[in-house]
Amino acid sequence: MRRDFGGLCADRPVPSVVPVIEVHELRKTYGRTVAVDGLSFTVRPGRVTGFLGANGAGKSTTMRMMLDLDRPTGGRVLIDGVRYRELRQPLRRVGALLEAKAAHGGRRAYHHLLWLAQTNGIPAARVREVLALVGLDEAAGKRAKALSLGMAQRLGIAAALLGDPPVLLLDEPVNGLDPEGVLWIRNLIRGLAAEGRTVFVSSHLMSEMALTADHLIVIDRGRLLADAPTGEFVEAHGSGSLEEAFLRLVGGVRGGLRAG
Ligand SMILES: Nc1ncnc2c1ncn2[C@@H]1O[C@H](COP(=O)(O)OP(=O)(O)OP(=O)(O)O)[C@@H](O)[C@H]1O
């Protein structure tokens, strides 16, 4: 089913199999801490790719490097064949949610989005569209510091959708949302992928990812453990659930490391 998320472009190209995001031998160290350890994978359009890992596995660090917010110690990330900072009109190409509380506390939700739109050549009318899309019309006049975590998360998603980008990078988008909000974001994410967009979503919530992701990139301690369709991943680990498969895989690898 094709869904319309009120985007600027009416028609999108048919999803291709060409990877949109390419992560090559990515590495990041902070002093002695190896946060990301030689990670390589690609992300394709038209499906939800879940980025799974336990707390501290290196998901946020990887996503910051995808957006050029952190400099890799080694390797690189290409989006459409170039680095993020080389993209022209990046907000129209890549929408990102990294931290829910990214807006300046004193700024009203509407003005936060308007400022982002105006500095990125996006029509002001789009602000009302995305506020409606994320269910924040009535909270448009609230200052960012007065928003609940769930509302701040919705504002972050509105900012990510502002440029109607074909690529979305969402770091733990479910954080802070109530059950209704969780269902809403799941449907939104799945709808965005069904439109042919490239959707990359990190989470440590296995049950949620099982319902949302078509494909999984699983990491532990900065290393790639699996790159597989969700169903295949669960089956390959002889499990009834994604959570069980994940725990078996991570437990097995860590056990092997200890034994070695
Ligand atoms: N700025 C930093 N300085 C020092 N160490 C850092 C920094 N950022 C991340 N790390 C470390 O790098 C590792 C990976 O952290 P990261 O936040 O990327 O993991 P994560 O998978 O996103 O975890 P979570 O699910 O808890 O958000 C952790 O050991 C973390 O302590």
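Residues take their numbers from the sequence shown, with the count starting at 1. Treat the numbers as computed from the prediction; the structure is a model and nothing was measured. As the structure lists them, so they are numbered: ligands from 1, and atoms in each ligand from 1.
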**Request:** Look at the rings of Phe51 and Phe41 and say which category their plane angle falls in: under 30° parallel, 30 to 60° tilted, over 60° perpendicular.
**Result:** tilted

**Prompt:** Among Glu208, Gln153, Met209, whose side-chain contact (heavy atoms from CB on, under 4.5 Å) with Val174 holds?
**Reply:** Glu208

**Non-neighbouring partners of Asp178 that pass side chain to side chain donor-acceptor pair (under 3.5 Å), sequence neighbours left out** = none

**Message:** Tell me whether Asp37 is salt-bridged to Arg27, with the criterion being a basic N under 4.0 Å from an acidic carboxylate O.
**Reply:** yes

**Prompt:** Mind checking what residues have non-hydrogen atoms under 4.0 angstrom from ligand 1?
**Reply:** Tyr30, Thr33, Ala35, Ala54, Asn55, Gly56, Ala57, Gly58, Lys59, Ser60, Thr61, Arg64, Glu172

**Prompt:** If two hydrophobic side chains count as joined below 4.5 Å and joins carry through other members, does Val82 share a cluster with Leu26?
**Reply:** yes

**Message:** Before you tell me yes or no, could you show the steps for Glu172 and His204 under side chain to side chain donor-acceptor pair (under 3.5 Å), namely the whole-Å CA-CA distance, both residues' side-chain angles and the distance that decides it to 0.1 Å?
**Reply:** CA-CA 8 Å; Glu172 305 276 2; His204 60 272; 2.8 Å; yes

